[in-house]
Amino acid sequence: MKKRLARLLEESIDSCIEKEVLKKTDIPFIEVELPREGSHGDYASNIAMVLASSQKEAPRRIAERIVENINDSDRILDKIEIAGPGFINFFIRSSVWPTLLEDVDTLEDRYGESNIGKGSKVQVEFVSANPTGPLHIGHARGAVIGDTIANILQASGFSVSREYYINDAGNQMNMLGESVYYRYLELMGPDKSGFPDNCYQGEYITELAREIYAKFGDRFRSDKESSIAFLTEYAADSILDGIKKDLETLGVTFDRYFSEKELYTNDSVANILQKLKKEGFIYEEGGTLWFKTMDSGDEKDRVVVRENGEPTYFAADIAYHRDKYSRGFDKVINVWGADHHGYIPRMQAGIQALGRKKEDLEVVLVQLVNLLRGGVPVPMSTRTGEFVTTREVTDEVGKDGVRYNFLMRRSNSHLDFDLELAKAQSSENPVYYVQYAHARISSIMRLAAEQGYRIPDYDDIKPDLLATPEEHELAKLIDAFPEMVEGSAKTLEPHRIPYYINDLASIFHSFYNKHKVVSDNAELTKARLFLIKTTAIVIRNALRLLGVSAPERM
RNA sequence: GCGCCCAUGGCUCAGCUGGAUAGAGCGUCGGACUACGAAUCCGAAGGUCGAAGGUUCGAAUCCUUCUGGGCGUACCA
């Protein structure tokens, strides 16, 4: 509806210019919004005020001319008012609301989809946690947000690929192998040297060592170096396996797992370094190689090859992004923990050196999660390895609860995640509010079926019977669903969707409490069954984007 | 020190890229089931949007300074 009104305005302005009652000018983006005040109409536009400066005329006079020239050929408008400093307020004829539902009925599962992506290829890289330990709760938030952004983009006409970058090279891998090695030695009698401080302290390392001992006996006791090489690989594989399983319980899967190690074995890193050196992006100083990231606004230049000859993580990351673009992605979205924000300028410098525009890389920062239980912080210590894992949280509160609670909040704001609230089956828990609306509709449908009704299509009903304010509100909000999804896709803000369905559920519940769906008036019953059917479709489609289930009973 | 993020009713958070009298949920208080699911609904109280300036017809939103909190500031990832 917003788009229809914007078009009416645009046509009117065009004809005003033609008639020379307005000066010729570039028409700016015409914004149509939902006023919160009912007396300001169903929709409103500030276009006259926006035009005021270029027209050099009073906004209200401009508004008058625009309104005079609006050609409402479909007769959707009841009246138009000019109010305040120059707002144009639209009042929609009440009979048009139900007609907006026809699209929902024909599109069904596809209602809410769009083609703003026009098939362009986008890659979403997320989680990408090192395979050195189980996922913590912050990873889970990033996983859910990344997955949902991918869902939203997919529904908006982008061709999306989900990818997990495995940091399976470098120092921390050796450390992992060593950690397992020392735990393994401990199993074979008291160790005089003790367990090194800088090794991974978590209990899962000991468990891995036990597993290896049970499988292979004491064969790794003697030859330290080759043993560690084996143990490293074994441990990384096993941990990554666990991570994949944990992500699956959250409903998160990937199209591809990309190994950092391969960037070395196939010389990608060496090649790109050489290329960038030749092109002058890299220089040598003090025995190390530096990348000129300052030219693109970074605070200082960054090392890509250390004095000891080893490339840094950054070097591998440039090679990785080169690989991404070479696979034909028009745009690359990285979902990062907010503690990596300092990395953005250097990564942008990296892709620009690859001949890419800044905008071809978009970074979504996910703030850290504060885990609580009943309002009390859950103690976490990465040093000792004592932390609550994603698996434990998912097992406790369930997939739907975890996902919804993460998705409700803007990703760029700190989040308190309270275990007790998230699993509470009460009004304190917002997931249930929405799911309950869906279950309630299903329940009404069952009752209607018992009474011999079949679920009506748009052609089966008399739309005019949907005449109460609650019914109009529902139709109006249902109509807004596709543009909401579009907005969410453009801004990469998944949290808009939970807010939207919460509103929708709220209006539905109000409607339900005030009006009876199944009554002795058969025509009215059919019309209302149709209305709640479309409501259920939207709830279902929205929850599907979020990866949250829409139960028929609960 | 420098950089990024955050600051909105008692609590947790929205605020649609600058719009009209700042909104939800929880909590508090008061109401609604002999009608399709009360995990629901209806009503009330509660705010100088961290502070001070500035930009303009108009600021929670943009600019500057300050305060308070988080993160970063590696030849670690």
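All values below come from the heavy atoms of this structure, side chains included, with hydrogens, waters and symmetry mates left out. It should be emphasised that the depicted structure is a prediction, and the values quoted were computed from it without experimental measurement.
The phosphate of B/A39 (OP1 or OP2) has no side-chain N or O of A/Y432 nearer than 4.0 angstrom. A sub-4.0 Å separation between OP1 or OP2 of B/A14 and a side-chain N or O of A/S413 is present. Of the side-chain N and O atoms in A/R60, none sit less than 4.0 angstrom from OP1 or OP2 of B/C57. An OP1 or OP2 oxygen of B/C5 is reached within less than 4.0 angstrom by no side-chain nitrogen or oxygen of A/R410. A sub-4.0 Å separation between OP1 or OP2 of B/A38 and a side-chain N or O of A/Y512 is present. For the pair A/S510 and B/C42, the criterion of a side-chain N or O lying under 4.0 Å from OP1 or OP2 is met.
Nucleotide B/A38 holds its C1' atom 13 Å from the CE atom of A/M554, rounded to whole Å. Regarding A/H515, its NE2 atom lies at a distance of 20 Å from the P atom of B/U40, rounded to whole Å. Computed from coordinates, the A/L34 CG to B/C16 P distance equals 13 Å when rounded to whole Å. The interatomic distance linking A/N412 (CG) with B/G70 (C1') rounds to 12 Å, in whole Å.
Counting only Watson-Crick or G-U wobble pairs whose defining distances are both under 3.5 Å, the stems of 3 or more consecutive pairs in RNA chain B are B:1-5 with B:69-73, B:10-13 with B:23-26, B:28-32 with B:40-44, B:50-54 with B:62-66.
The cationic atom of A/R346 (NZ for Lys, CZ for Arg) lies less than 6.0 Å from the six-membered ring centre of A/Y343 and within 45° of the ring axis.
A/E552 comes within contact range of at least one nucleobase, with a heavy-atom separation under 4.0 Å. Using a 4.0 Å heavy-atom cutoff across all strands shown, A/Q435 reaches no nucleic acid atom at all. Among the heavy atoms of the strands lying under 4.0 Å from A/E307 is at least one base atom, whether or not backbone atoms are also near.
The base of B/G3 is paired with the side chain of A/H341 by a donor and an acceptor separated by under 3.5 Å. Scanning atom types as modelled, no donor and acceptor separated by under 3.5 angstrom connect the side chain of A/D339 and the base of B/G72. With hydrogens and angles left out, the side chain of A/D168 and the base of B/A77 share no donor-acceptor pair within 3.5 Å.
Minimum atom distance to the side chain of A/S443 is reached by B/G37, of the listed B/C75, B/G37, B/C41.
By the 5.5 angstrom centroid cut-off and the 30-degree plane limit, A/H40 is classified as stacked against the base of B/A20. Centre separation under 5.5 Å together with a plane angle under 30° holds for the ring of A/F87 and the six-membered base ring of B/A20, marking them as stacked.
Note on A/E523 versus A/K526: salt bridge recorded, some NZ/NE/NH1/NH2 to OD/OE distance being below 4.0 Å.
Considering A/E260, A/E262, A/E163 as possible partners of A/Y320, the one that fulfils the side-chain hydrogen bond (donor to acceptor under 3.5 Å, both in side chains) test is A/E163.
Note that the CG atom of A/L419 and the CG atom of A/N405 stand 10.0 Å from one another [nearest 0.5 Å].
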